[in-house]
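What follows is a single structure, written as structure tokens, with notes after it.
Throughout, residue positions are numbered sequentially from 1 according to the sequence presented. Only heavy atoms go into these numbers, but all of them, side chains included; no hydrogens, no water, no symmetry mates.
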Amino acid sequence: MAERAPGSPAPRLVVFCGLPGAGKSAAAGALAARLGLTVIGVDPLEAAMVGAGIERRQPTGLAAYLAAEVLAEAQLRNGLGVVIDAVNDTAEARGQWIRLAARTGARLSWFEVVCSDPTTHRMRLQKRRRAEDPIIGAPTWDSLNRRRRQLAIWRDPRVVLDSLHHTPEELAALAQDAMDGADAAV
């Protein structure tokens, strides 16, 4: 790992979680831009794998999470902060970021982005168009049920950001305030 200057803070590992269409990627991107961090998104990595010819029947989702972890670790070991953009709906997925922070000494921050109005959330999901959707498929409202249940049983501490009445930039400001408050408490 790159040596940090005495007194300099550990690099930051910021993990955004939440259902597709809640506003997670937009908030992650806004926070990364605000803080000068790199965003590593699981979906673009999975789309690259499928686009390269790896068949969808292979565990490309899992492979994308692992690839994201490797990329994040390289950044963190160089003293650079990272924002992870992924659903992170299982304990296993979230556990990988906990272990990565422990291995690298990174300051770990968790944010779950929600859209508290189901009608608005459903409309956002149906209207969104991402470059990776034609390659890996766009999630449907009905396909979110399992993920919704998984996130509902998550009990670990995190900051929940509601995108219903906030722009991605406002969510980024709220996230930064939460991180600054956590840093001040240490």
Side-chain angles (χ1 to χ4, degrees), residues 9 11-47 61 64-65 68 72 81-91 93-94 96-98 101 106-134 136-186:
R12 193 175 287 287
L13 173 59
V14 183
V15 183
F16 275 81
C17 309
L19 293 173
K24 165 182 72 273
S25 297
L31 181 67
R34 184 181 186 96
L35 299 180
L37 303 177
T38 298
V39 176
I40 300 175
V42 168
D43 286 349
L45 290 171
E46 183 177 9
Y65 270 85
V82 178
V83 176
I84 302 298
D85 172 18
V87 174
N88 288 302
D89 57 334
T90 66
R94 294 185 300 271
Q96 83 180 95
W97 308 121
I98 294 168
R107 295 174 292 162
L108 179 60
S109 299
W110 292 97
F111 296 97
E112 180 184 1
V113 179
V114 301
C115 179
S116 60
D117 178 61
T119 302
T120 301
H121 186 180
R122 184 178 198 152
M123 181 188 68
R124 288 179 183 172
L125 182 67
Q126 291 169 341
K127 286 186 174 184
R128 80 176 188 170
R129 300 291 177 260
R130 303 176 313 154
E132 56 267 27
D133 286 347
I136 61 172
T140 64
W141 185 250
D142 290 338
S143 74
L144 301 187
N145 286 333
R146 180 192 57 79
R147 291 174 154 183
R148 190 176 289 110
R149 284 190 302 274
Q150 288 289 104
L151 284 167
I153 61 173
W154 184 18
R155 297 291 177 245
D156 295 325
R158 65 199 179 277
V159 175
V160 178
L161 303 171
D162 191 344
S163 67
L164 183 60
H165 298 296
H166 295 286
T167 66
E169 292 73 23
E170 290 168 341
L171 294 175
L174 292 168
Q176 184 176 7
D177 288 349
M179 290 187 299
D180 290 347
D183 289 347
V186 173

Quiz item: Is it the case that R94 places NZ or CZ above or below the six-membered ring of W110, under 6.0 angstrom from the centre and within 45 degrees of the axis?
Solution: no
Quiz item: Would F111 and V15 count as a side-chain contact (heavy atoms from CB on, under 4.5 Å) if you check the C-alpha gap in whole Å, the side-chain angles of each, and the deciding distance to 0.1 Å?
Solution: CA-CA 6 Å; F111 296 97; V15 183; over 6 Å; no
Quiz item: Does some side-chain heavy atom of R107 sit less than 4.5 Å from a side-chain heavy atom of P9?
Solution: yes
Quiz item: Under the side-chain contact (heavy atoms from CB on, under 4.5 Å) criterion, do V114 and V160 qualify, and how do the steps go?
Solution: CA-CA 7 Å; V114 301; V160 178; 3.9 Å; yes
Quiz prompt | Gap separating the CG atom of L19 from the CZ atom of R147, nearest 0.5 angstrom | solution = 8.0 Å
Self-check item: Over all atoms of both residues, closest heavy-atom pair of H121 and P20
Solution: NE2-O, 2.9 Å
Quiz item: Atom CG of L125 and atom OG1 of T120: how far apart are they, to the nearest 0.5 Å?
Solution: 12.5 Å
Only pairs under 3.5 Å count here: list side-chain donor-acceptor contacts from residues 168-182, not counting sequence neighbours, and write none if there are none.
| from | atom 1 | to | atom 2 | distance (Å) |
| --- | --- | --- | --- | --- |
| E170 | OE1 | T167 | N | 2.8 |
| Q176 | OE1 | R34 | NE | 2.3 |
| Q176 | OE1 | R34 | NH2 | 3.4 |

Practice problem: May I have the step-by-step check of side-chain contact (heavy atoms from CB on, under 4.5 Å) for V83 and T38, ending in yes or no? | Solution: CA-CA 6 Å; V83 176; T38 298; over 6 Å; no
Self-check item: Where G61 and E46 come nearest, the two heavy atoms and their spacing
Solution: N-OE2, 3.4 Å
Quiz item: If you round to the nearest 0.5 Å, how far is CZ of R12 from CG of L37?
Solution: 8.0 Å
Quiz item: Between the side chain of K24 and the main-chain N/O of C17, is any donor-acceptor distance below 3.5 Å?
Solution: no
Exercise. Answer yes if the side chains of R130 and S25 hold a donor-acceptor pair under 3.5 Å, and no otherwise.
Key: no
Quiz item: Rounded to the nearest 0.5 Å, how far does CD of Q150 lie from CG of L144?
Solution: 13.0 Å
Quiz item: Looking at W141, does the NZ or CZ of R148 lie under 6.0 angstrom from its six-membered ring centre and within 45 degrees of the ring axis?
Solution: yes
Self-check item: Polar side-chain atom of R158 near backbone of D156 as donor-acceptor pair, under 3.5 Å
Solution: yes
Quiz prompt | Electrostatic pair R146-D89, nearest N-O below 4.0 angstrom | solution = yes
Exercise. Give a yes or no answer on whether the side chain of Y65 reaches the backbone of Q96 with a donor-acceptor pair at less than 3.5 Å.
Key: no
Quiz item: When you measure from the side chain of S163 to the backbone N and O of A22, does any donor-acceptor pair fall under 3.5 Å?
Solution: yes
Exercise. Check whether any side-chain N or O of D162 sits under 3.5 Å from a backbone N or O of S116 as a donor-acceptor pair, and report yes or no.
Key: yes
Practice problem: Check each of I84, V87, L161 against F16 using the side-chain contact (heavy atoms from CB on, under 4.5 Å) test, and report the only one that passes. | Solution: L161
Self-check item: Pairwise distance CG(L108) to CG(L13) - rounded to 0.5 angstrom
Solution: 5.0 Å
Quiz item: Which heavy-atom pair separates V113 from G23 by the least distance, and what is that distance?
Solution: CG1-C, 3.8 Å
Self-check item: R122 CZ to C115 SG distance, which is reported to the nearest 0.5 Å
Solution: 13.0 Å
